[in-house]
Amino acid sequence: GNLSDASITNVTLTDVDALETESGSDGFTIGTPDCAGVIGGDSLVDDCGVCGGDGWSCAPLGDVNLDYSVDVSDIVMIVNHLLGFTLLDGNALINGDYNYDGTLNITDIVNMVQTILGNNLSKGDIPSYIDVSYNSSGLFIESDGKVAGLQIEYLGDINIDTKYIPEDWEINYNKNTIIIYSLGGSQLVESKLFNYIGDLEVISAIGAGWDGLEMNTNIQIIPDSYILNPAYPNPFNPVTNISFGLPVDSKISLSIYNIQGEKIESIYQGMKTAGEYSIQWNADNHPSGLYFIKLNTGEFTQTQKLMLVK
């Protein structure tokens, strides 16, 4: 018949689950509800099964590229973040903080490598110290355990031209930071890590063994040649500071002589590793006068005058 004067006052909709929904008497909406039940809404179920989620709730710790796995690609992204090449933010930044210490650094990389390698990793001895030393052309490391990674902050302008690390190790750097780490869990063989061209001043360094814990490192400057620096103060009463530098590990003798050339005191005898040192001499038991400090390494000898004034 003629429906021009007809009106719809009530509609009952039945979905595929045979659940009925009545419209209001003043109108109705026909459409497909989203996961939140909103007709015509745009909320979707994410890869974690969360309605309206962003996909991060089931991403494993360390997954910064949201592929739901932890692998080398995540480590590369964290290294690029630390070097300022491509910055992480939001959930990626939070997920990269593997040890929950509020900071992304070398320890997060080490812990992620542990996860990737699993039972294939031989952790070795956990280091009780990590020492970093450098001269005008190379950087070195010493430790009593198996080092897993190192992060160095520096001033200067360098180009790393030769690396002395195993094949599974990486060295990445920018104008402020050097990141050195193992991807395969191998032991460093050489104490020298790399040669460089340019100017380098190491400001700070942190390292980690395969326990993944952060360790502050000792930093030592290695001179390019043997040197006995001027004592300070000089003249002195009764204590003066004697400093010297060794370019290589050396067996040294550091002794005090009087004006007659007689050795009156031995300050140090024995082995010293390459580096710079400072030793005090207390002349409280000696009379005022002229003395001599002599450094002897076997291949190098230098003598310096000291004036004790009481």
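Start at 1 with the first residue, then count along the sequence. Keep in mind that what you see is a predicted model, and the values were worked out from it rather than measured.
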Query raised in the report: Listed by chain and number, what are the ring-ring contact (aromatic ring centres under 6.0 Å, His included) partners of Phe85, not counting sequence neighbours?
Result: none

Requested in this report: Identify, with sequence neighbours excluded, every residue that meets ring-ring contact (aromatic ring centres under 6.0 Å, His included) alongside Tyr134.
Outcome: none

Query raised in the report: Who else is in the cluster with Ile94 when I, L, V, M, F, W and Y are joined by side-chain contacts under 4.5 Å?
Result: none

Query raised in the report: Does Leu193 reach the side chain of Ile141, with side-chain heavy atoms less than 4.5 Å apart?
Result: yes

Query raised in the report: For the side chain of Asp108 and the backbone of Asn99, is there at least one donor-acceptor N/O pair under 3.5 Å apart?
Result: yes

Query raised in the report: If only atom types and distance count, is the side chain of Ser143 paired as donor or acceptor with the main-chain N or O of Gly145 below 3.5 Å?
Result: yes

Report summary line: What one should report as the nearest heavy-atom pair of Ala208 and Ile130 is N-CD1, 3.9 Å

Query raised in the report: So, does Ser186 use its side chain to make a donor-acceptor pair with the main chain of Gly184 at under 3.5 Å?
Result: no

Query - Residue pair Tyr268, Ser253: steps toward the side-chain hydrogen bond (donor to acceptor under 3.5 Å, both in side chains) verdict - result: CA-CA 6 Å; Tyr268 185 86; Ser253 170; over 6 Å; no

Report summary line: residues 34-62 vs side-chain hydrogen bond (donor to acceptor under 3.5 Å, both in side chains), sequence neighbours excluded, gives Asp54-Asn91

Report task. Hey, could you give me each pair passing side-chain hydrogen bond (donor to acceptor under 3.5 Å, both in side chains) that has a residue in residues 298-310? Not counting sequence neighbours. Result -> Asn296-Thr301

**Report entry** Side-chain donor/acceptor of Glu276 to backbone N/O of Gly245, under 3.5 Å
**Finding:** no

Query raised in the report: Can you find a pair of side-chain heavy atoms, one from Ile78 and one from Leu104, that are under 4.5 Å apart?
Result: yes

**Report entry** Contacts of Tyr154 that satisfy ring-ring contact (aromatic ring centres under 6.0 Å, His included) - sequence neighbours left out
**Finding:** none

**Report entry** Considering all heavy atoms, the nearest Asn105-Glu214 contact
**Finding:** ND2-OE1, 3.2 Å

Query raised in the report: Hey, does the side chain of Lys146 reach the backbone of Gly185 with a donor-acceptor pair shorter than 3.5 angstrom?
Result: yes

Query raised in the report: Quick check: does any side chain N or O of Asp63 sit under 3.5 Å from a backbone N or O of Asp67, one acting as donor and the other as acceptor?
Result: yes

Report task. State which residue, out of Asp89, Leu87, Thr86, fulfils the side chain to side chain contact (heavy atoms under 4.5 Å, CB included) condition with His81. Result -> Leu87

Report summary line: Connected to Val38, directly or through other members, by ILVMFWY side-chain contacts below 4.5 Å are none

Requested in this report: Verify, without hydrogens or angle tests, whether Asp97 (side chain) and Asp101 (backbone) share a donor-acceptor contact under 3.5 angstrom.
Outcome: yes

**Report entry** Point-to-point distance, once rounded to the nearest 0.5 Å, from CH2 of Trp281 to CD1 of Ile267
**Finding:** 7.0 Å

Query raised in the report: Cluster question for you: counting only ILVMFWY and a side-chain heavy-atom cut-off of under 4.5 Å, with indirect links fine, are Leu188 and Leu150 together?
Result: yes

Report summary line: Under a side-chain separation threshold of 4.5 Å, the hydrophobic residues clustered together with Ile203 are Leu155

Query raised in the report: Which residue pairs pass the side-chain hydrogen bond (donor to acceptor under 3.5 Å, both in side chains) test with at least one member in residues 116-125, sequence neighbours excluded?
Result: Gln114-Lys123

Query raised in the report: Quick one: does Ile256's side chain get under 4.5 Å of Leu306's, heavy atoms only?
Result: yes

Requested in this report: Report yes if the side chains of Asp131 and Thr273 come closer than 4.5 Å at any heavy-atom pair, otherwise no.
Outcome: no

Requested in this report: Find out whether Phe194 and Ile178 are in side-chain contact, i.e. whether some heavy atom of one side chain is under 4.5 Å from a heavy atom of the other.
Outcome: yes

Query raised in the report: Nearest heavy-atom pair of Glu142 and Tyr129: which atoms, and what distance?
Result: O-CE1, 3.8 Å

Query raised in the report: When clusters are formed by joining ILVMFWY residues with side-chain heavy atoms under 4.5 Å apart, either directly or through shared neighbours, do Ile109 and Trp169 land in the same one?
Result: no

Report summary line: All heavy atoms of Ser73 vs all of Asn65, minimum pair found to be OG-ND2, 3.0 Å

Query raised in the report: So do Ile75 and Val70 actually touch side chain to side chain, heavy atoms under 4.5 Å?
Result: no

**Report entry** Asp74 side chain vs Asp71 backbone, donor-acceptor pair below 3.5 Å
**Finding:** yes

Report summary line: Heavy atoms of Ala231 and Thr240 approach each other most closely as CB-OG1, 3.6 Å

**Report entry** Residues that Phe244 engages under ring-ring contact (aromatic ring centres under 6.0 Å, His included), provided they are two or more places apart
**Finding:** Tyr277

Query raised in the report: Within a strict 4.5 Å, meaning less than it, do heavy atoms of the Ile206 and Thr217 side chains meet?
Result: no

Query raised in the report: Transitive ILVMFWY cluster of Ile259 at side-chain heavy atoms under 4.5 Å: who else is in it?
Result: Tyr257, Leu290, Phe292, Met307, Val309

Report task. If a pair satisfies side-chain hydrogen bond (donor to acceptor under 3.5 Å, both in side chains) and one of its residues is in residues 172-182, list it, with sequence neighbours excluded. Result -> Glu153-Thr177, Asn159-Tyr173, Asp168-Ser182, Asn172-Tyr181

Query raised in the report: Is the closest side-chain heavy-atom distance between Val132 and Asn218 below 4.5 Å?
Result: no

Query - Hydrophobic cluster membership, Ile293 vs Leu246, 4.5 Å side-chain cutoff - result: yes

Query raised in the report: Is it the case that one hydrophobic cluster holds both Tyr98 and Ile116, taking links as side-chain heavy atoms less than 4.5 Å apart, direct or via other members?
Result: yes

Requested in this report: Ignoring hydrogens and angles, tell me if any N or O in the side chain of Thr115 forms a donor-acceptor pair with the backbone of Asn111 under 3.5 Å.
Outcome: yes

Query raised in the report: So if you build clusters from Ile, Leu, Val, Met, Phe, Trp, Tyr with side-chain heavy-atom gaps below 4.5 Å, do Ile279 and Phe236 land together?
Result: yes

Query raised in the report: Closest approach of Val110 and Ala148, non-hydrogen atoms and distance?
Result: CG1-CB, 3.7 Å

Requested in this report: Applying side-chain hydrogen bond (donor to acceptor under 3.5 Å, both in side chains), run through Ser137 and Asn195 and close with a yes or a no.
Outcome: CA-CA 6 Å; Ser137 62; Asn195 281 339; 4.9 Å; no

Requested in this report: Kindly assign one of parallel, tilted or perpendicular to the pair Phe300 and Tyr226, based on the angle between their ring planes and the thresholds 30° and 60°.
Outcome: parallel

